[in-house]
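These notes concern the structure reproduced below.
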Amino acid sequence: MSVELNELRDSVRQVVSGIGQYGAKQSLWDQGIELGWLMVSIPESLDGLDMGVAASSVVNIELGRGLCAAPLSSALLSIEALCDSNLSDKADHLMQALSGELLSLPFANSSIRLNDASLNGYAIALPGAGQATQALLWTEDQQLLFLASLDQPGLKCVERSTRDVTRTLFDVDLQNLSLKEQTIVAEGEQAQQLVSALLARRDISLAADSIGAASELLEMTIEHLNTRVQFRRPLAMFQALKHRCADLKVQIVASEAMLFDALARPFSETRAMAAKYLCCTSFAKVAEESLQLHGGIGMADEHDCHLFLKRALLNMHLGRGEAVYAQAVARGFLQEQ
Amino acid sequence: MTQIELEQFRRQVGSWLASNVPNAWRPALTNAEQGDFVELQKAWFTKLVEAGYATPHWPEGWPGGGRSLAEQKVIFEEVARADAPRLILYFVALYHAACTLFECGSEEQRQKYLPGILKGEIWCQGFSEPNAGSDLASLKTRAVRKGDKYIINGQKTWSTMAQYADHCLLLARTDSSGPPQAGLTYLLLDMKSPGVSVRPISQITGDDEFAEIFFDDVEVDVADRVGDEGAGWAVAQATLASERGLTLVELTQRMRYGLNILVGTLKSNGRLSDPVALADLGCLIPKVDAACALADQYLQKRINGTEQVGDASIVKLYYAQVLREFVALGVRVGGLDGQGDSGFMRGATQETGDWTLDYMNSYNWSIAGGSNEVQRNIIAERMLGMPREPKSWQLGE
Ligand SMILES: Cc1cc2nc3c(=O)[nH]c(=O)nc-3n(C[C@H](O)[C@H](O)[C@H](O)COP(=O)(O)OP(=O)(O)OC[C@H]3O[C@@H](n4cnc5c(N)ncnc54)[C@H](O)[C@@H]3O)c2cc1C
């Protein structure tokens with residue numbers, strides 16, 4: 001990692017760990033806005049910090065470490081999509097987003113259709129949409145990318161129940177929304193390009209979140225094993241447990257290396273999906289093992305272990321859905337041959 | 001190099017390989033006689049050295065050396081793409097011996113031995129003994145100082161290609177009084193010296209890839225000692241780090257190319273439309289990419305001088321695990337016909353498409369160079385800061 005990225009990581013980590021766990025949603029959101037985390041990948045031509053997607057990934061990793069409840073990662077994604085668009089009043093939209101007005105977007109599949117200038121369908125798992133003013137949405141055929149105000153007739157936004165309490169997700173339902181009332185971001189081929197880039201970045205964002213959370217959780221688990229004494233010795237002295245920790249460490253380091261390698265290469269949807277698959281699977285494995293290695297305290301609500309486990313399970317299902325990735329990666333690989 | 005220069009370099013390497021990779025080397029090396037094998041390896045090695053592509057990981061100033069990570073990757077990617085034979089006969093010379101000399105050897109030793117490597121001298125690694133495997137520090141082969149010589153007595157085993165070797169990287173005991181690690185000394189031994197005898201050992205593949213070495217009053221000049229007397233353990237760590245981490249830049253690229261071979265098996269067995277087989281392939285690909293990324297990251301750390309204890313263990317353990325998964329998938333989709341015995345192939349990479357053979361050979365990486373379990377100990381104790389086990393334990397009566 002470059003010096004700049006290292007510095008960014010340290011500064012985000014300092015704030016996130018200073019604020020503490022997921023509970024401090026509002027103050028993390030405010031600090032994130034104030035410290036310019038949302039600007040890291042905005043190009044210089046739009047007055048951003050121009051550090052690329054690697055930088056937003058570094059931010060996402062640290063947000064994952066803190067199980068951040070503030071919807072900063074969806075804000076980052078919406079902002080990147082706006083930057084790539086040809087929207088005429090792009091600068092105004094960015095200004096709003098950077099001043100703390102939340103733009104949300106679906107973190108799971110959506111199905112929206114355009115018929116006779118009216119929009120129908122649904123979009124799922126929009127982080128923090130309860131506080132958002134607008135949502136970035138697209139049609140299923142990816143021919144239209146648009147901004148919809150969340151406060152308009154025909155649009156319903158309801159909170160979705162999740163075991164994971166570190167994220168707050170909403171579903172939106174569209175009934176006969178008039179196309180005229182929406183802000184069109186892109187149409188046709190351009191919309192398709194923007195949506196496919198956005199889906200890939202969403203994969204990368206979830207991958208980064210998972211790597212951060214997995215790293216934090218493994219550290220916490222090792223700390224527990226080092227201090228918990230049974231059989232007159234720290235549990236960490238038992239090789240059966242050490243070896244499991246070593247395997248988890250290897251999985252995390254390898255997944256993170258793969259993620260940054262994918263970011264250093266020219267954009268590839270297959271590699272983004274591969275990173276999502278690998279990093280989320282690694283996090284799920286670390287979470288599964290960590291609860292076991294904590295013993296009884298791991299099942300107690302008062303301990304943080306379950307927060308990681310629930311986020312890990314949720315992350316597996318966000319993005320394009322758990323069932324899609326393995327086959328899609330294989331198909332992508334075969335096509336590239 | 002700029003991106004454009006790098007692409008130019010890629011074309012240059014690619015076209016050189018296209019006209020120089022030995023024709024039909026796979027059939028020639030299947031169940032090959034020793035003489036044919038050595039001849040083919042030597043010829044291919046000589047060509048690579050002359051072109052400057054055998055030693056990209058050597059430091060600047062040495063023929064072929066001083067290449068950046070990006071250039072090294074280009075070479076290994078192209079070598080993999082051209083499906084060139086692997087230089088297994090020179091593996092220890094190019095990596096273990098050379099890297100140890102660069103890191104811990106004297107300038108005289110480098111001048112004495114490295115040109116020989118470039119001329120095709122073969123090296124083997126004499127670390128393991130019948131009673132010292134994972135617990136390498138307990139080794140018993142003795143080196144007794146007599147004037148300006150050491151006199152060696154003892155036995156080494158599992159030494160890859162020792163039957164062809166000109167030189168041996170020998171780890172021997174000069175002192176048994178203190179802690180086991182403190183009494184070891186690292187020597188460079190001439191395999192043609194009187195008193196050396198070698199007995200090849202046949203492997204489960206039918207290939208006699210490794211051998212036992214016996215030493216009976218063999219003399220080694222004190223000048224051929226690397227590092228101080230008693231400092232052999234630290235020198236051996238340099239050898240092992242190069243084996244565990246550095247060699248994997250090439251092997252991970254080979255593995256990525258091997259995905260095409262796996263796809264070939266899927267295709268010829270009609271499994272490409274089988275969703276389960278496809279999902280298995282899709283689960284494997286990200287891991288292969290991760291292994292490549294990890295090896296690259298390790299090499300970059302070596303170039304930057306930021307390597308830390310345990311880094312090489314992570315690369316090796318991950319590679320060994322992914323390799324096993326890879327070849328196990330090959331065995332699964334290879335079907336009953338894949339169980340047929342077509343002998344062994346020397347100098348091929350880990351993924352030949354004879355998946356049952358490849359499966360057997362994958363144990364190279366989970367046992368040799370420190371087993372998976374030993375790497376896990378290193379990672380847990382030296383990286384993650386988990387405590388060591390209580391030390392002493394007495395064998396019962
Ligand atoms: C193909 C091949 C090539 C080789 N080439 C060379 C060579 O060129 N030069 C050379 O010097 N050596 C070579 N070796 C030897 C290799 O380094 C040893 O085999 C290896 O270090 C393991 O030692 P061992 O075979 O004695 O197994 P053991 O040490 O007896 O181990 C047996 C099993 O116990 C496990 N084990 C041992 N100790 C521990 C522990 N503390 N905690 C948990 N589990 C443990 C091991 O992981 C293994 O699964 C080669 C080996 C192979 C297979």
Side-chain angles (χ1 to χ4, degrees), chain A residues 1 207 218-219 221-223 225-226 232-265 268 270-271 273-282 323-334 336-337, chain B residues 3 70 73 252 256 259-260 262-264 266-267 272 274-298 300 310-311 313-322 372-390:
Chain A
M1 244 198 282
L218 180 60
E219 283 165 27
T221 302
I222 290 167
E223 173 72 23
L225 294 174
N226 275 333
R232 291 184 292 134
R233 73 195 72 180
L235 287 174
M237 207 176 266
F238 288 104
Q239 197 186 50
L241 310 185
K242 281 202 281 201
H243 279 196
R244 282 156 76 179
C245 293
D247 277 332
L248 297 176
K249 174 74 177 175
V250 170
Q251 274 198 37
I252 294 172
V253 174
S255 307
E256 185 171 14
M258 196 256 155
L259 171 63
F260 280 96
D261 182 71
L263 290 171
R265 289 169 187 273
S268 148
T270 305
R271 286 216 191 239
M273 286 192 288
K276 152 73 167 92
Y277 172 78
L278 191 67
C279 297
C280 291
T281 319
S282 298
V324 172
Y325 284 93
Q327 291 204 21
V329 168
R331 293 222 170 79
F333 177 80
L334 293 172
E336 282 164 18
Q337 297 311 294
Chain B
Q3 205 54 38
K73 267 181 61 182
T252 51
R256 190 147 215 286
L259 285 170
N260 300 313
L262 186 59
V263 167
L266 285 163
K267 208 178 271 170
L272 268 188
D274 170 357
V276 176
L278 215 54
D280 285 346
L281 178 67
C283 293
L284 179 67
I285 290 168
K287 295 178 190 168
V288 174
D289 285 342
C292 292
L294 204 51
D296 292 353
Q297 194 185 61
Y298 178 76
Q300 192 62 61
D311 284 343
S313 296
I314 288 199
V315 188
K316 180 178 184 272
L317 179 53
Y318 192 70
Y319 173 76
Q321 289 174 330
V322 177
N372 283 2
E373 290 74 20
V374 166
Q375 307 310 326
R376 289 187 183 104
N377 286 344
I378 295 173
I379 294 164
E381 289 167 7
R382 319 256 331 251
M383 284 191 113
L384 301 178
M386 301 175 86
R388 291 170 157 272
E389 285 153 84

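Residue numbers begin at 1 in each chain, while the letters A, B, ... track the order of the sequences.
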Which portion of B:E373 sits near chain A, non-hydrogen atoms under 4.5 angstrom
both

Per-residue contact mode, B:L284 against chain A (heavy atom under 4.5 angstrom):
neither

Tell me the residues of residues 255-264 of chain A whose non-hydrogen atoms fall below 4.5 Å from those of chain B, in number order.
A:A257, A:M258, A:D261

Taking the side chain as every heavy atom from C-beta outward, state whether B:L278 and A:L334 have any atom pair closer than 4.5 Å.
yes

For B:E389, the salt bridge (Lys or Arg N to Asp or Glu O under 4.0 Å) test, sequence neighbours excluded, returns none

Identify the two heavy atoms, one from A:L278 and one from B:A290, that lie closest to each other, and give their separation to 0.1 Å.
CD2-CB, 3.6 Å

Hits for salt bridge (Lys or Arg N to Asp or Glu O under 4.0 Å) against A:K249, two or more places apart or cross-chain, chain-then-number order -> none

Check against side chain to side chain contact (heavy atoms under 4.5 Å, CB included), A:D247 and B:L317
CA-CA 8 Å; A:D247 277 332; B:L317 179 53; 3.8 Å; yes

Could you measure the distance from the CZ atom of B:R388 to the CD atom of A:Q239? Nearest 0.5 Å is fine.
11.5 Å

What distance do B:M386 atom CE and A:F238 atom CZ have between them, rounded to the nearest 0.5 Å?
11.5 Å

Just so I understand: if I count every heavy-atom pair under 4.5 Å between each of A:T270, A:T281, A:V250 and chain B, which residue has the most?
A:V250

Please tell me if the side chains of B:N377 and A:H243 come closer than 4.5 Å, counting only heavy atoms from C-beta onward.
yes

All heavy atoms of A:A254 vs all of B:L294, minimum pair found to be CB-CD2, 3.8 Å

Contact class of A:R244 relative to chain B, heavy atoms under 4.5 angstrom:
neither

Between A:A330 and B:L281 the two heavy atoms that sit nearest each other are CB-CD2, 4.1 Å

A:C245 side, atom SG; B:M383 side, atom CE - distance, nearest 0.5 Å:
13.5 Å

Between B:G385 and A:N226 the two heavy atoms that sit nearest each other are O-ND2, 3.7 Å

Side chains of B:V263 and A:F333, heavy atoms from C-beta outward: is any pair under 4.5 Å?
yes

Quick one: which residue pairs count as a salt bridge (charged side-chain N to carboxylate O under 4.0 Å, His left out) with a foot in residues 275-285 of chain B, not counting sequence neighbours?
B:D280-B:R332

Among B:V322, B:L259, B:D289, residue most engaged with chain A (heavy-atom pairs, under 4.5 Å)
B:D289

Without swapping roles, check the side chain of A:K242 against the backbone of B:P387 for a donor-acceptor pair under 3.5 Å.
yes

